[in-house]
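First up is the structure itself, then whatever we jot down about it.
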Amino acid sequence: MDAKLTIFDAAKWFIENNDSVTPKKLQKLLYYLYAWGLVFLNEDLDDLSNKVFSGEFEAWVHGPVNRDVYERYKPYGGNLIKIPDANEMKIENPDTLNLMKQINRIYGKYDGNTLELLTHSEDPWKKARGSARPLDRCQNVLNDAEMFKFYSSLLEG
């Protein structure tokens, strides 16, 4: 998709195109963009080299988290993220933009807590957590293949 798109570009786009983005909600929107990108950009499980952006998501207590995004937006706590920036984020690739709009339309209407509950019910996060108890600290990385398998299966239903 966009070779130069970074996770921070995608974050900025979601913040600009959604009225109520907290750090927790942002993490989940980015996670779903990444996961669904694996499904729509790759033909099969054997080659998952096409990604919307590079990055990893860890199986934290509150759902999938990208550590770099966490560090950048941590000062907002549970508050809405507002970035005063006159330069609107432009996404060059129409396929990337379409996927981002779809993620925002489907998941963007929910708050961070609802999205957390949703990710907690899904296999990629549960498998990455392994035997960790609900409040145990866990830094296991969610597996791309597990994401591809799980979200692809939702399309088959």
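Count residues from 1 along the sequence. Given the structure is predicted, the values throughout are model-derived calculations rather than measurements.
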Evaluate the side-chain proximity of Leu115 to Lys25: yes if any heavy-atom separation is below 4.5 Å, no if none is. yes

Between Thr22 and Asn79, is any pair of side-chain heavy atoms under 4.5 Å apart? no

Any Leu30 side-chain heavy atom under 4.5 Å of Val69 side chain: yes

Quick one: does Gln139's side chain get under 4.5 Å of Arg67's, heavy atoms only? yes

Determine, for Glu16 against Lys12, whether the closest basic-nitrogen to carboxylate-oxygen distance falls under 4.0 angstrom. yes

Spacing of Asn50 atom CG and Asn42 atom CG [to the nearest 0.5 Å]: 4.5 Å

For atom CG of Asp19, is the number of surrounding heavy atoms from other residues, nucleotides or ligands below 6.0 Å larger than 12? no

Heavy-atom side-chain proximity of Glu122 to Leu118 below 4.5 angstrom: yes

Which of parallel (below 30°), tilted (30 to 60°) and perpendicular (above 60°) describes Trp36 and Phe40? parallel

Got a sec, which residues hit side chain to side chain donor-acceptor pair (under 3.5 Å) with Asp47, two or more places apart in sequence or on another chain? Ser49

When you compare the side chain of Leu97 with that of Trp13, does any pair of heavy atoms fall below 4.5 Å? yes

Taking side-chain contact (heavy atoms from CB on, under 4.5 Å) as the test, write out the residues that go with Ala59, two or more places apart. Trp125, Ala128, Arg129, Cys138, Leu142

Determine whether more than 12 heavy atoms belonging to other residues, nucleotides or ligands lie under 6.0 Å from atom CD of Glu71. yes

Closer than 4.0 angstrom, basic N to acidic O: yes or no for Lys24 and Asp111? no

So Phe53 and Tyr34, would you call those rings parallel, tilted or perpendicular, with 30° and 60° as cut-offs? tilted

Leu80 side chain near Tyr76 side chain, heavy-atom distance below 4.5 Å: no

At what distance, to the nearest 0.5 angstrom, does CD1 of Ile7 lie from NZ of Lys51? 12.0 Å

Within the structure provided, determine whether Thr119 and Tyr32 are in side-chain contact (heavy-atom separation under 4.5 Å). yes

Answer yes when Lys28 and Glu116 have at least one side-chain N-carboxylate O distance shorter than 4.0 Å, and no when they do not. no

Identify the residue among Trp60, Tyr31, Phe57 that makes a ring-ring contact (aromatic ring centres under 6.0 Å, His included) with Tyr70. Trp60

